[in-house]
Amino acid sequence: MQADHTSQNTNHIHEPSSYWQETVTHPTLSDDLPSTIDVAIAIIGGGIMGAAMSYWLARTGVPCVLLERSMLAHEATGRNGGLMSICPAESYPAAIARLGHKNAHAILTLTRQSQALLRRVLEEEDIACDYHEPGSLSLALDAHQLTKLAQEATAMRADGVVPTILDRTQVQELIGTPLGPDIVGGRFMPETALVHPIRLVQGLAQAAQRYGVVRTCTTTVLRLVPHGEKVVISTRHGPLQAGTVIVAVNAWTGELLPQLAHLMTPARGQVLAYAPVAPVFTMGMSASLTPTGEYWHQRSDGTLVLGGCRAVAPRSDVGVYFNQPTVEVQMALEQVFPRLFPQLTLPPIAYRWAGIMAFTPDYLPIVNRVPDIPGVLVVGGFCGHGMPFALRFGQLLTEALTKEGWPTALTPFRLDRHTLMAR
Ligand SMILES: Cc1cc2nc3c(=O)[nH]c(=O)nc-3n(C[C@H](O)[C@H](O)[C@H](O)COP(=O)(O)OP(=O)(O)OC[C@H]3O[C@@H](n4cnc5c(N)ncnc54)[C@H](O)[C@@H]3O)c2cc1C
């Protein structure tokens, strides 16, 4: 799909900061990129994926440079909902129907491994990012939605996850305000985690720095040009040469790899945060008032973070690169709590923000070598669901770069699946 705008002209538009961006300090990145340097591995993009990649490379002792055009976690990662749920981006039965059971199960397993890995890394590196695993509750607003949640629970149970289906009374016991009449039941997923995404990225970046082999610089990468055995990375601060380049810019992949633009469609997601209130929600929450869904949770400081309603935007905000919230989506978000919890007294809205996701045609990320540019790898297209993949992807890609062969766990994410699908 044709995008409306490119990132080059977004700088002129006021882009409100997210709650996450307003609740951290942002380390200044160095911009003293020498005019010509030779590096073994360059990572482009300082979101969760680039940070995870630099962490694993650093931990393995492989020198690398991370190039970020703005601040760490300035885009989707620093503007998201803060939920980390295992499973593919689409519902588990839909993933099984689309990808086959073997692939869907492999993806579920990978997200669970990624979560286990994250727990371990947070402990080993002493990263404080408010990570906890209270689980999540998906609300059913009619019998049809409840049946779908139950079908999904059955499919997941067969593969080792243990969701619980709840009736309205059981749902009410978990929520600190009376339910509205629409809610008929729900599904509790025990493994969902909540996190401050920017603190996580900063923690990974700091841990990577401590290994002493990573350099993080601020510059915009303009172009990648093959040059013999190497790749010339043309940046705003001059050219660099690298043996290997990892493109981890998600929604902006098409700017650096135009041949992949049709596989990573940008879409704007929007969020708002209410000022702190007394505890109402103790876990991650979701509902489907609109076809693209709504999700929310309450932070330990009482702030209510609520996102979704993308379906009410013209063309569902597909093809949009602006981090600018819009009236129609924000107004729809404001209707969510009054409809679901009519007796909840809402405080003023403290933050409104937007961020850009990248959607692939089959709702699965892409992780592969780019066939026509030797030395370049791409990872992205997370379909609004990147947090559960990043740690394990970083580890597997590091293996791919430091050991023989391509990790089989990355097979479902290869690029040529799109050619295979088209046949
Ligand atoms: C509103 C919203 C809500 C979301 N909610 C959730 C959620 O609750 N749970 C979940 O799992 N996922 C969620 N997501 C999706 C999740 O945030 C993403 O999947 C994930 O953050 C992608 O990480 P990334 O590192 O690949 O990309 P990004 O975080 O977008 O990072 C890409 C980085 O590349 C940099 N960059 C781009 N182009 C260049 C260039 N030319 N040169 C140098 N640097 C460049 C950017 O500045 C940016 O920092 C949400 C996304 C949005 C927008």
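In each ligand, atom 1 is the first atom listed, and ligand 1 is the first ligand listed. Values in this document were obtained by computation on a predicted structure and should not be read as measured data. Index from 1, following the sequence.
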Would you indicate which of [options] comes nearest to [atom] when only heavy atoms are counted?
| atom | options | answer |
| --- | --- | --- |
| atom 42 (N) of ligand 1 | V305, V221, D317, V201 | V221 |
| atom 21 (O) of ligand 1 | N250, T77, N80 | T77 |
| atom 49 (O) of ligand 1 | R69, E75, E68 | E68 |
| atom 53 (C) of ligand 1 | G355, S85, G78 | G355 |
| atom 52 (C) of ligand 1 | M53, M357, H385 | M357 |

Enumerated ligand 1 atoms positioned under 4.0 Å from heavy atoms of [X]:
| X | answer |
| --- | --- |
| P388 | 11 (O) |
| R79 | 1 (C), 2 (C) |
| G45 | 33 (C), 34 (O), 35 (C) |

Legend entry - V379 to F382 - nearest heavy-atom pair and separation: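 Result for this residue pair: CG2-CZ, 4.1 Å.
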Legend entry - A275 to P347 - nearest heavy-atom pair and separation: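 In terms of heavy atoms, the two residues are closest at O-CG, 3.0 Å.
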So for ligand 1, is [X] a polar contact partner (N or O within less than 3.5 Å, distance only)?
| X | value |
| --- | --- |
| G269 | no |
| V271 | no |
| Q270 | no |
| L256 | no |
| G81 | yes |
| L83 | yes |
| I44 | no |
| F382 | no |

Inset, instruction - Begin with the C-alpha distance, continue with both residues' side-chain angles, and end with the deciding distance and a verdict on side-chain contact (heavy atoms from CB on, under 4.5 Å) for L110 and L396. - result: CA-CA 10 Å; L110 187 142; L396 289 166; 3.8 Å; yes
Inset, instruction - Go through the steps to decide whether E255 and Y321 satisfy the test side-chain hydrogen bond (donor to acceptor under 3.5 Å, both in side chains), and finish with yes or no. - result: CA-CA 12 Å; E255 289 185 2; Y321 278 104; 5.3 Å; no
Inset, instruction - May I ask you to check whether Y92 and E90 show a side-chain donor-acceptor distance below 3.5 Å? - result: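 No, no side-chain donor-acceptor pair sits under 3.5 Å.
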In a check of side-chain contact (heavy atoms from CB on, under 4.5 Å) between [X] and each of [options], which one passes?
| X | options | answer |
| --- | --- | --- |
| E152 | R157, R187, M189 | R187 |
| T219 | V65, L240, L67, I44 | L67 |
| C309 | L272, L289, L333 | L333 |

Inset, instruction - Kindly say whether the aromatic ring centers of Y19 and Y274 come within a distance under 6.0 Å. - result: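 When the ring centroids of Y19 and Y274 are compared, they turn out to be at least 6.0 Å apart.
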Legend entry - Ring-face cation of R69 near W252 (centre distance under 6.0 Å, axis angle within 45°):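 Yes, a cation-pi geometry holds between R69 and W252.
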At a non-hydrogen distance cut-off of under 4.0 Å, which region of [X] contacts ligand 1 (side chain, backbone, both, or neither)?
| X | value |
| --- | --- |
| T219 | backbone |
| A390 | neither |
| E255 | neither |

Legend entry - Contacts of type salt bridge (charged side-chain N to carboxylate O under 4.0 Å, His left out), residue R310, not counting sequence neighbours: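 With neighbours one apart ignored, the set is empty.
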Does [X] have a non-hydrogen atom less than 4.0 Å from ligand 1?
| X | result |
| --- | --- |
| Y295 | yes |
| G82 | yes |
| G380 | no |
| G46 | yes |

Inset, instruction - Using a strict 4.0 Å threshold on nitrogen-to-oxygen distance, state whether D362 and R98 make a salt bridge. - result: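 A salt bridge is absent here (no side-chain N lies under 4.0 Å from a carboxylate O).
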Inset, instruction - Flag the pair R119 and E123 as a salt bridge only when some basic side-chain nitrogen lies within less than 4.0 angstrom of an acidic carboxylate oxygen. - result: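 No salt bridge links R119 with E123.
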Legend entry - N/O donor-acceptor pair under 3.5 Å between Q145 side chain and A140 backbone: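 No, the answer is negative, given that no donor and acceptor are paired below the 3.5 Å cut-off.
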